[in-house]
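FYI, the numbering just counts along the sequence from 1. Reckoned from all heavy atoms, side chains included, excluding hydrogens, waters and symmetry mates.
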Amino acid sequence: MIRRMDHFTVVTDRLTETVNFYTMLGLKAGPRPDFGVGGAWLYVDDHPVLHIVETSLMPEPRRGALDHMAFFAEDFVGTAEKITAAGLTYRVIRTPRPFSVWQMFLFDPNGVEVELDFAQDETPPEDWKAHAGLGPR
């Protein structure tokens, strides 16, 4: 039986840009076995939650039907500031009551949608309404 999510894998032809994107969001680069191809493992605490595999040519057709990956995050305001400073855009929604979780959505350098969930008691960025709504995906 499934007990927990282990990791996601992103294939990229932009390894450095992809690693920088996820480390900006708080993941930490860590040890990775030598698979004979470039890549990185990014960690939360001591667990590699994101495996990145480098390729010189993206697969055609693109594989799978992963809609997005979601992470629980902290520091909503600081995260929004980092994303904005990096020149990236994001959108924000708040889940209906009684959950009221803040959700931030943005895209990684490979077009993978990333959801960052923040606790209902987190303070949102002052301009969060300018980023509100489901918007285009």
Side-chain angles (χ1 to χ4, degrees):
M1 300 298 277
I2 294 174
R3 297 173 51 99
R4 67 176 168 88
M5 175 54 70
D6 189 72
H7 69 275
F8 290 93
T9 298
V10 170
V11 176
T12 185
D13 56 357
R14 302 177 193 165
L15 181 61
T16 300
E17 196 176 334
T18 301
V19 169
N20 290 344
F21 174 84
Y22 287 101
T23 57
M24 173 186 68
L25 298 178
L27 297 182
K28 307 285 185 208
R32 175 181 178 263
D34 182 1
F35 292 108
V37 296
W41 278 10
L42 301 179
Y43 288 70
V44 170
D45 299 323
D46 62 350
H47 186 75
V49 297
L50 183 61
H51 296 184
I52 302 171
V53 176
E54 184 177 33
T55 183
S56 58
L57 187 62
M58 294 298 284
E60 194 57 47
R62 295 201 178 244
R63 301 182 333 188
L66 175 67
D67 182 70
H68 67 279
M69 67 178 83
F71 298 98
F72 186 78
E74 296 177 329
D75 189 13
F76 195 4
V77 171
T79 302
E81 289 171 353
K82 285 182 182 179
I83 291 167
T84 300
L88 302 172
T89 60
Y90 64 90
R91 58 191 171 84
V92 173
I93 64 171
R94 193 156 196 196
T95 59
R97 291 182 183 130
F99 301 100
S100 302
V101 172
W102 293 101
Q103 296 180 312
M104 173 187 280
F105 296 88
L106 65 157
F107 291 91
D108 86 352
N110 309 289
V112 176
E113 188 169 31
V114 176
E115 173 185 329
L116 301 176
D117 294 339
F118 297 90
Q120 63 183 358
D121 61 350
E122 281 251 12
T123 301
E126 286 186 24
D127 67 344
W128 78 268
K129 289 182 180 178
H131 301 274
L134 295 177
R137 298 186 84 191

Joint hydrophobic cluster, [X] plus [Y], side-chain heavy atoms closer than 4.5 Å:
{"X": "Val44", "Y": "Phe118", "value": "yes"}
{"X": "Phe72", "Y": "Val92", "value": "no"}
{"X": "Met5", "Y": "Tyr22", "value": "yes"}

In chain order, what residues pass the side-chain contact (heavy atoms from CB on, under 4.5 Å) check against Thr89, with sequence neighbours excluded?
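Listed in chain order: nothing, the list is empty.
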
What residues form a side-chain contact (heavy atoms from CB on, under 4.5 Å) with Pro124, not counting sequence neighbours?
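Counting only residues at least two positions away or on another chain, Pro124 forms a side-chain contact (heavy atoms from CB on, under 4.5 Å) with Phe76, Trp102, Trp128.
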
Taking side chain to side chain donor-acceptor pair (under 3.5 Å) as the cut-off, I'd like each qualifying pair that reaches into residues 70-87, sequence neighbours left out, listed once.
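Residue pairs passing side chain to side chain donor-acceptor pair (under 3.5 Å), neighbours aside: none found.
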
Could I get the full list of ring pair (Phe, Tyr, Trp, His ring centres under 6.0 Å) partners for Phe8, not counting sequence neighbours?
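Expected list: none.
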
[atom1]-[atom2] distance between [X] and [Y], expressed to the nearest 0.5 angstrom:
{"X": "Ile93", "Y": "Met104", "atom1": "CD1", "atom2": "CE", "answer": "12.0 Å"}
{"X": "Gln103", "Y": "Arg94", "atom1": "CD", "atom2": "CZ", "answer": "11.0 Å"}
{"X": "Met69", "Y": "Glu113", "atom1": "CE", "atom2": "CD", "answer": "10.5 Å"}

Show every donor-acceptor pair shorter than 3.5 Å between a side-chain atom in residues 23-39 and any protein atom, with sequence neighbours excluded, or say none if there are none.
{"unit_1": "Thr23", "atom_1": "OG1", "unit_2": "Val19", "atom_2": "O", "d": "3.0"}
{"unit_1": "Thr23", "atom_1": "OG1", "unit_2": "Asn20", "atom_2": "O", "d": "3.2"}
{"unit_1": "Arg32", "atom_1": "NH1", "unit_2": "Val37", "atom_2": "O", "d": "3.1"}
{"unit_1": "Arg32", "atom_1": "NH2", "unit_2": "Val37", "atom_2": "O", "d": "3.3"}
{"unit_1": "Asp34", "atom_1": "OD1", "unit_2": "Gly36", "atom_2": "N", "d": "2.9"}

Sub-4.5 Å side-chain heavy-atom contact between Thr95 and Asp117
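In short, these two side chains do not touch, never coming nearer than 4.5 Å.
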
Looking at every heavy atom in both Pro98 and Gln120, which two are closest together, and how far apart are they?
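For Pro98 versus Gln120, the nearest heavy atoms are O-OE1, 3.6 Å.
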
So, the side chain of His131 versus the backbone of Tyr90: is there a donor-acceptor pair under 3.5 Å, distance only?
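Checking the backbone N and O of Tyr90 against the side chain of His131, a donor-acceptor pair under 3.5 Å is found.
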
Which of these, Thr12, Asp108, Asp13, sits in a side-chain hydrogen bond (donor to acceptor under 3.5 Å, both in side chains) with Thr18?
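Checked Thr12, Asp108, Asp13 against Thr18; only one passes side-chain hydrogen bond (donor to acceptor under 3.5 Å, both in side chains): Thr12.
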
Could you go through the side chain to side chain contact (heavy atoms under 4.5 Å, CB included) check for Phe21 and Leu88 one step at a time?
CA-CA 10 Å; Phe21 174 84; Leu88 302 172; 3.7 Å; yes

Can you list, pair by pair, the side-chain donor-acceptor contacts under 3.5 Å of residues 45-53, counting residues two or more places apart and other chains?
{"unit_1": "His47", "atom_1": "NE2", "unit_2": "Arg4", "atom_2": "NH1", "d": "3.1"}
{"unit_1": "His47", "atom_1": "NE2", "unit_2": "Asp6", "atom_2": "O", "d": "2.7"}
{"unit_1": "His47", "atom_1": "NE2", "unit_2": "Asp6", "atom_2": "OD1", "d": "3.4"}
{"unit_1": "His51", "atom_1": "ND1", "unit_2": "His7", "atom_2": "NE2", "d": "3.3"}
{"unit_1": "His51", "atom_1": "ND1", "unit_2": "Trp41", "atom_2": "NE1", "d": "3.4"}

